Amino acid sequence: MKRSFFSVFFVAFIFIGAYAQDKPAIIPMPSKIEWKNSEFQFPSTITFYADARAEESLKWLKALLNTTGSEFEKASEKEAKISLKINKDLSSSLGNEGYQLKVTSEKITIEAADNAGLFYGITTLRQLFPAEVESGKIGSAFNIPAVNISDKPYYEWRGSMLDVARSFFDLDYLKKHVDRMALYKLNRFHLHLSDDQGWRIEIKKWPKLTEIGGQSAVKNGRAGFLTQKEYKELQAYAKERNVMIIPEVDMPGHTYAALQGYPELSCENFENLDPIRATPPAPFHGTEVGWSKFCMEKPVVYDFVNDVIAELAKITDGPYLHIGGDEIEDEHYKEFVVKAEKIVRENGKTAIGWEEVTQAKVDDSFISQRWTGTTKSVVDTRIIESICKNFYLDHGNIPDQPNTYSWCKKDGVSLKNVYDFVSENKKAIGVEGALWTELVHSDATADDRLWPRSIAVAEVGWSSPKKKDYTEFVKRLGIHGKRLVYMGVNFYKTPDVPWNTTKIKGVFSTVEK
């Protein structure tokens, strides 16, 4: 398939003399950066080299070089103007995602311990290019500043969650979101696939989940679902861009979409629905939560859980499955989540769940996703930080933004609220911004809620908290406004950001997959 190279993954730099002494705006901020007093000028013919282990990353370099209008050809390492190298010795200092980028007046070299690091090194190299890269072809000769960068992520988990259960987002939009995540080195795409309003992933043993539950949505929202083929396509697309898909099927609460097609998962007289807002097979279009759950005394519920987890594990390449587990009170709750977590492990995956799950004695391998930070845990687990007052992007960009929530933070979750987050928990493995879609019914609205706050999530996840400076960040972010415009992102223009959104005429080029 063909997709726009500029929607694929890169961030461009815009040269402006008023900021940082004409130096490019790199986001996220690298660990170590040293600008030099020289420049590399791209010749009419660019020679490149990639060692055998770096071949996986070569297509991204070629796609980038293609925008220069220069010819490019393979050469020896000694003669090449641009080189990609895998250096396993860098693993101890930079890990698998870190990289070294060195630009001199004569040569550009990117080294990393793994192709993931090379991918991120090429991403940063692109940010050194002038803004015309966005047109697909840079129309005139140009230079990039010489620099030494040694970079690695602060956290291994740099996530974005999109709720496709309340309102559905199709494969095309999900791919665009992956592209945008990769731009800013976000690497975990958490899909909330089921809730009261809809079921969004095909489960072959239980076909009514999508035949019935896949056809409903929140009021004014969109129905639909991903086939397993589409899910695998998205997963492969994301994997190429170093983004891992994290699927979530919420249980034992938030389950009405499943109960629609399979009322046998309910108790007699629907005592598991309280208050009863709908009964099968009627859909539920409301926004209320915390009223539905499985009838956990019934053996058929565990047959269902076994089958769903087994199928989801089989089609998921990554090591994680998310089992939800939030907003429910039931005498059988702890027993249920312990069993569900064990089923995940028996299917070769690691379970993730919302923090309430840690009220039960789940396995030490479990990962808790904190959203309130108030749960009294009985287990000491790894943590993903999604604290609502910092990371719930269904809340307004500003106070009283229309069609946004304020239940967690009355004045909204500002760009600065996101950027200022610092975890004090030594068990934290990363951060994740979450967009719930009760009030988000279109691609444009999703863009408005996700961007630019997801860029702040990215810098919080990648860059050291010791180097964070919000005033400096918004200057860099403002320069990236032009990039977001060219990508077609309907981002919220945060008032305290000096946005540069002047459009450049041009046609996006494409790269063959």
Side-chain angles (χ1 to χ4, degrees), residues 157-171 173-175 177-178 181 186-207 209-210 213-214 224-255 257-258 294 304-326 337 340-354 357 362 365-369 371 382 384 386 429-430 432-437:
W157 191 287
R158 307 177 301 279
S160 176
M161 192 218 81
L162 181 59
D163 168 17
V164 298
R166 273 55 178 257
S167 186
F168 184 62
F169 290 83
D170 63 17
L171 185 62
Y173 184 82
L174 298 179
K175 285 183 176 181
H177 189 61
V178 167
M181 289 177 62
L186 292 163
N187 67 350
R188 301 286 188 267
F189 188 11
H190 173 180
L191 287 172
H192 184 76
L193 292 165
S194 70
D195 218 292
D196 294 319
Q197 296 86 350
W199 186 285
R200 308 304 184 198
I201 183 67
E202 176 188 22
I203 302 296
K204 295 183 183 297
K205 280 193 175 182
W206 299 77
L209 290 172
T210 49
F225 65 93
L226 295 173
T227 65
Q228 291 193 8
K229 181 180 179 181
E230 289 173 324
Y231 177 85
K232 291 176 182 178
E233 181 181 338
L234 174 65
Q235 184 172 239
Y237 186 88
K239 188 176 182 179
E240 283 192 323
R241 291 150 181 82
N242 293 287
V243 175
M244 183 187 296
I245 301 298
I246 312 296
E248 177 190 355
V249 172
D250 209 345
M251 57 180 79
H254 295 259
T255 56
F294 290 138
F304 174 85
V305 172
N306 267 292
D307 291 343
V308 169
I309 288 176
E311 281 199 38
L312 203 53
K314 186 175 181 180
I315 64 174
T316 298
D317 292 339
Y320 307 107
L321 296 183
H322 201 301
I323 59 172
D326 60 323
V337 294
E341 185 272 331
K342 183 180 179 182
I343 292 169
V344 171
R345 282 188 286 114
E346 290 173 343
N347 280 275
K349 304 294 184 182
T350 297
I352 305 170
W354 299 103
V357 176
V362 291
S365 64
F366 182 81
I367 299 173
S368 171
Q369 187 161 5
W371 64 285
R382 292 174 291 169
I384 301 165
S386 291
I429 61 171
E432 184 173 294
L435 179 58
W436 304 100
T437 59

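Values below: every heavy atom of this structure, side chains too, minus hydrogens, waters and symmetry copies. Keep in mind the model is a prediction, meaning the values are calculated, not measured.
A 4.5 Å side-chain heavy-atom check between V305 and V249 finds every atom pair outside the cut-off. A 4.5 Å side-chain heavy-atom check between K229 and K232 finds every atom pair outside the cut-off. Residues N242 and N187 are not in side-chain contact: their nearest non-hydrogen atoms beyond the backbone lie 4.5 Å or more apart. Taking the side chain as every heavy atom from C-beta outward, R382 and T350 approach each other to under 4.5 Å. By the 4.5 Å heavy-atom criterion applied to side chains, L234 and L191 are counted as neighbours.
Considering every non-hydrogen atom in both L209 and W199, the closest pair reads O-CB, 3.4 Å. Residues V243 and L186 approach most closely at CG2-O, 3.6 Å, considering heavy atoms. Shortest non-hydrogen contact noted between A340 and M251 is CB-SD, 4.3 Å. Shortest non-hydrogen contact noted between S160 and H177 is OG-NE2, 2.8 Å. Of all heavy-atom pairs between S365 and E341, the closest is OG-OE2, 3.9 Å. Across P247 and Y231, no two heavy atoms sit closer than the pair CG-OH, 3.3 Å.
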Salt bridge (charged side-chain N to carboxylate O under 4.0 Å, His left out) assessment of K175 paired with E233: CA-CA 10 Å; K175 285 183 176 181; E233 181 181 338; 2.6 Å; yes

What verdict does the side-chain hydrogen bond (donor to acceptor under 3.5 Å, both in side chains) test give for T210 and E202, after you've listed the backbone C-alpha separation in whole Å, the side-chain angles of each residue and the deciding distance to 0.1 Å? CA-CA 6 Å; T210 49; E202 176 188 22; over 6 Å; no

Start with the C-alpha distance between V164 and L226, add both sets of side-chain angles, then the distance that settles side chain to side chain contact (heavy atoms under 4.5 Å, CB included), and finish with yes or no. CA-CA 10 Å; V164 298; L226 295 173; 6.0 Å; no

Show, in sequence, the C-alpha distance, side-chain angles and deciding distance for F366 and V337, and conclude whether the side chain to side chain contact (heavy atoms under 4.5 Å, CB included) test is met. CA-CA 11 Å; F366 182 81; V337 294; over 6 Å; no

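Tested against Y320 for a side chain to side chain contact (heavy atoms under 4.5 Å, CB included), the candidates M244, H190, K349 yield a single pass: M244.
By the salt bridge (Lys or Arg N to Asp or Glu O under 4.0 Å) test, K205 pairs with D307, sequence neighbours left out. For F169, the ring-ring contact (aromatic ring centres under 6.0 Å, His included) test picks out Y173, with sequence neighbours left out. Every residue meeting the side chain to side chain contact (heavy atoms under 4.5 Å, CB included) condition with D250, not counting sequence neighbours, appears here in chain and number order: H192, S194, D195, E248, H254, D326.
Note: I245 CD1 to Y237 OH = 11.5 Å, rounded to the nearest 0.5 Å. Between the CG atom of L162 and the CG atom of L174 there is a distance of 6.5 Å, given to the nearest 0.5 Å. Between H322 atom NE2 and T316 atom OG1 the span is 13.5 Å, to the nearest 0.5 Å. Atoms CD1 and CD1, on I343 and I323 in that order, are 9.0 Å from each other to the nearest 0.5 Å. Separating the CG atom in D163 from the CZ atom in R200 is a distance of 8.5 Å, to the nearest 0.5 Å. The CD1 atom of I384 sits 4.5 Å away from the CD1 atom of I352 when rounded to the nearest 0.5 Å.
Side-chain atoms of T255 do not come within 3.5 Å of backbone N or O of A258 as any donor-acceptor pair.
Ring geometry, W436 versus W354: the interplanar angle falls from 30° to 60°, so the pair is classed tilted.
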